[in-house]
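Computed over heavy atoms, backbone and side chain alike; hydrogens, waters and symmetry mates excluded. Per chain, numbering begins at 1; letters A, B, ... match sequence-line order.
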Number of protein chains: 2
Amino acid sequence: MKNEDEPKDKRPKGGDAQKLTMAEVAKYVGVSAMTVSRAFRQDASVSEETRKRIMEAVDALGYVIDLSAGSLSSRRSGFIAALVPSINNSNFSDTARGITDALENTGLQLLLGYTDYAAEKEEKLIEAMLRRRPEGIILTGGSHTDRARRMLDKAGIPVVETWEIPEEPINHVVGFSNSEAMSLLVRTLASQGYRRFGYIGGTTARDTRGSQRRSGFLKTVDELGFGPGRAISFGVPPITMEQGGQAVMSLLERWPDTEVVLCVSDLSAFGAIMECKRRGMRVPEDIAIAGFGDYEISSICHPSITTINVDCYGIGRQAAVRLLDALQAGGEATGDEIILTGYRVVLRESTDRSAR
Amino acid sequence: MKNEDEPKDKRPKGGDAQKLTMAEVAKYVGVSAMTVSRAFRQDASVSEETRKRIMEAVDALGYVIDLSAGSLSSRRSGFIAALVPSINNSNFSDTARGITDALENTGLQLLLGYTDYAAEKEEKLIEAMLRRRPEGIILTGGSHTDRARRMLDKAGIPVVETWEIPEEPINHVVGFSNSEAMSLLVRTLASQGYRRFGYIGGTTARDTRGSQRRSGFLKTVDELGFGPGRAISFGVPPITMEQGGQAVMSLLERWPDTEVVLCVSDLSAFGAIMECKRRGMRVPEDIAIAGFGDYEISSICHPSITTINVDCYGIGRQAAVRLLDALQAGGEATGDEIILTGYRVVLRESTDRSAR
DNA sequence: GGACAAAATGGTATCGATAACAATCTGACG
DNA sequence: CGTCAGATTGTTATCGATACCATTTTGTCC
């Protein structure tokens, strides 16, 4: 049996491994712990002189305040949770950046998670997040499991759904209609003379925004009287560039006279364009292709890609601001509200009609 | 003056806004709070029957455990912190994904931050992270401010530096030599007959990996006797595709007979290639271009881009595993160690010599 | 100089879980 | 049937900060 008296400190390394507490800093300075606590918050009333002495001591000792202790007694975790489908998708990482930027200097920290486009994973993540008692939560989309909804309701914190307009919003919404955005793109291209439209993008419930774009496409093509829409779907999200290439080929195989192909995202559009070029087809002369999302690549590549520009960063920023407002108001005055973010068609070379 | 007796609950909404505690769940079930606490952990000894009853109550009441309270007394936050330069860069988001995946089912949660390639921002973030008492921390690169180093040392938690081999590692390292990787690319292309090498990528201290690639380039070109390297730099990281395009033009203006241009990343390489094509130059016939990082785009675009494939995901995964090992060992046996991750040259169309 | 408001500081209880130890229960075995 | 180890459950103190209220100090004004 081991000697029970052996040192218990098993920290990997680190100089003086004693754990400093506020009380020790206080003793060192000759004030009470409460005063040290106040010194760490700007608004609290501590004389400049005392604060200075305390901060010098903090520096000298290398003290780092422990927020988890504080949040227990103050009942404010200082966390905001945000869930995005994928962190590898620059549209969503732009949104994450918008959130982070809006949170700067608010004393709030972001807890980020990614759901992999799966509602069950979202449910798990929501639970994991709620265990940290976030003061608010930002979600992508409006499609959640029942249990997730119940947990969110019970948590009693402001919720912001983003990137789309849910049929039954939980609380606040910052987004746009993916269906209408895609519809706008169809109409814009139709006004340029295109008639035979194709579409690439799944129907899967995993990517609700993708499904909405697809239905917006089909509905609009129908309304315009351009016959039944030619839509094919493929794999599960996230859709790769390569899949975009495969998809455009099966689409053209099935409907060889397609004039223009709209894609669920720029990434699949890019893959489609590259595959066409590889096969010797010219874009837009032989086939026009458009995307969605206005990724960096679309303005750079050759031909540049017609797309819908979405204010990804703004969605994140506004969602965070909305949350901050709600927190400020203590949840009283602020009614649930839907904030519509803008989008616009960006016409580029890949659908240039004059090139035909 | 307001009536002090008015309800204090200002929660936004939420059904029964009472905050449940473990004690209440315990009372409901008819056991002690301690037993409920045990039921939440797999290993703890609670009879199956009791656990089942407790979990049913948890479900019925909608109780969500409060980890911040638990971590205070258990002195284990359940957090791992990770800092990456940018979340929009898919190389780094792959690394983040690797970390997250490795943490799955460990009960540890990731606190992610991005430094914007700035050491001062890294310092701030490290402090913000340490306030949450993470059990370990994963950093990108080995370049940190003095204060950051002191804080990390004082924190006494395992540190893993990634994506490069620091001269003075803090603790653990999972990465590769960016300089040698670039050197390998130069030698490989030299063996194909290329002689007049150009380079695009900054020297800034912000992007140490970029600087290492650059110096690896210059050193190798020099060693091979191919005269002084032709290197130009531009803007601050993160480098955009567009900047890649601008850079290749100024490089060719200055050294018009350059045969092959190596870029600090695939993104700038892509921008460079597109700009060349836009100007009517053929790649690789007129000018060969290579990148670094093997982003998705490089295998898809036309011409496909020669690059260095880096195990981004594996870096994250291994870094996390290393951390878990260190935590397991309680910091005893595990010496600081450098784990080298692989990389390899991927030759593609953009440097295809036979096309000339 | 005294009165009084405002500023600055301190003391104590507490947030909600878990560690550590104590107590009780269960079943196996001689 | 008694004993004892192991399984199960309970009790109390505590993690490290902050809320709340009490107290002391400072400054202003007549």
Side-chain angles (χ1 to χ4, degrees), chain A residues 1 4-5 8-10 18-54 57-58 61 63-79 107 130-135 155, chain B residues 4 8-10 18-54 57-58 61 63-79 107 130-135 155:
Chain A
M1 196 181 269
E4 295 297 305
D5 289 326
K8 280 190 173 176
D9 193 345
K10 290 188 172 187
Q18 80 226 341
K19 45 207 162 288
L20 278 173
T21 75
M22 217 169 234
E24 294 172 67
V25 176
K27 200 193 299 177
Y28 182 89
V29 181
V31 296
S32 73
M34 201 55 236
T35 302
V36 177
S37 172
R38 290 193 180 99
F40 268 93
R41 289 171 290 181
Q42 300 102 315
D43 58 314
S45 56
V46 184
S47 72
E48 259 328 302
E49 205 269 326
T50 308
R51 163 171 287 135
K52 189 160 149 283
R53 269 172 43 224
I54 290 175
V58 164
L61 297 172
Y63 170 71
V64 176
I65 194 171
D66 184 336
L67 293 184
S68 54
S71 64
L72 182 58
S73 79
S74 72
R75 312 169 119 309
R76 296 197 45 210
S77 68
F79 280 125
L130 291 180
R131 291 176 168 192
R132 300 290 182 177
R133 298 289 186 269
E135 301 180 29
Chain B
E4 295 297 305
K8 280 190 173 177
D9 194 344
K10 292 188 172 186
Q18 79 226 340
K19 44 206 163 289
L20 278 175
T21 74
M22 216 169 235
E24 295 172 67
V25 175
K27 201 192 300 177
Y28 183 90
V29 181
V31 296
S32 73
M34 198 59 234
T35 302
V36 177
S37 172
R38 289 194 182 99
F40 268 94
R41 290 172 291 185
Q42 301 101 315
D43 57 317
S45 55
V46 185
S47 74
E48 259 329 302
E49 206 269 327
T50 308
R51 162 171 287 134
K52 188 160 150 285
R53 268 172 45 224
I54 290 176
V58 164
L61 297 172
Y63 171 72
V64 176
I65 194 170
D66 185 337
L67 292 183
S68 54
S71 65
L72 183 58
S73 83
S74 70
R75 308 171 120 308
R76 295 196 46 209
S77 68
F79 281 126
L130 291 181
R131 291 177 168 191
R132 301 289 183 178
R133 298 290 188 270
E135 300 180 31

Self-check item: Length of the line joining Met22(A):CE and dG16(D):P, which is rounded to integer Å
Solution: 12 Å
Practice problem: Name the nucleic acid region contacted by Arg41(B), choosing base, sugar-phosphate or nothing; use a 4.0 angstrom heavy-atom cut-off, strictly under. | Solution: sugar-phosphate
Quiz item: Given the rule in the side chain to side chain contact (heavy atoms under 4.5 Å, CB included) test, do Tyr28(B) and Tyr63(B) qualify, once you have shown the distances and angles that lead to the verdict?
Solution: CA-CA 12 Å; Tyr28(B) 183 90; Tyr63(B) 171 72; over 6 Å; no
Exercise. Not counting sequence neighbours, which residues clear side-chain contact (heavy atoms from CB on, under 4.5 Å) with Glu48(B)? List them please.
Key: Arg51(B)
Quiz prompt | Partners passing side-chain contact (heavy atoms from CB on, under 4.5 Å) against Val64(A) (at least two apart in sequence or in another chain) | solution = Leu130(B), Arg131(B), Arg133(B)
Quiz item: With the sugar-phosphate defined as primed atoms, P, OP1 and OP2, and the base as all remaining atoms, what B/S/- string results for nucleotides 5-14 of chain D, 5' to 3', for protein heavy atoms under 4.0 Å?
Solution: ---BBBB---
Practice problem: Starting at atom CG of Leu72(A), determine the distance to atom C1' of dC15(D), rounded to an integer number of angstrom. | Solution: 9 Å
Self-check item: Protein-nucleotide distance (Glu49(A), atom CD; dT9(C), atom C1'), rounded to Å
Solution: 13 Å
Exercise. Give a yes/no on whether any side-chain N or O of Tyr63(B) is located under 4.0 angstrom from OP1 or OP2 of dG16(C).
Key: no
Quiz item: Residues in salt bridge (Lys or Arg N to Asp or Glu O under 4.0 Å) with Lys52(A), at least two apart?
Solution: Glu56(A)
Self-check item: Phosphate-side-chain proximity, Arg75(A) and dG16(C), N/O vs OP1/OP2 below 4.0 Å
Solution: yes
Quiz item: Over how many whole Å does the gap from Arg76(B) atom CZ to dA19(C) atom C1' extend?
Solution: 13 Å
Practice problem: Mind calculating the distance between CG (Leu20(A)) and C1' (dA17(D)) to the nearest angstrom? | Solution: 14 Å
Self-check item: Side-chain donor-acceptor contact under 3.5 Å, Ser71(B) with Ser68(B)
Solution: no
Practice problem: Quickly work out the Arg132(B) CZ to dC15(D) P distance and round it to whole Å. | Solution: 21 Å
Self-check item: With Arg53(B) via side-chain contact (heavy atoms from CB on, under 4.5 Å) - residues at least two apart
Solution: Val29(B), Val31(B), Glu49(B)
Quiz prompt | Spacing between Lys19(A) atom NZ and dG16(D) atom P, to the nearest angstrom | solution = 7 Å
Exercise. For Arg131(A) and dG16(C), give me the distance from atom CZ to atom P, rounded to whole Å.
Key: 17 Å
Self-check item: side-chain contact (heavy atoms from CB on, under 4.5 Å) partners for Leu72(A), two or more places apart
Solution: Ala69(B), Leu72(B)
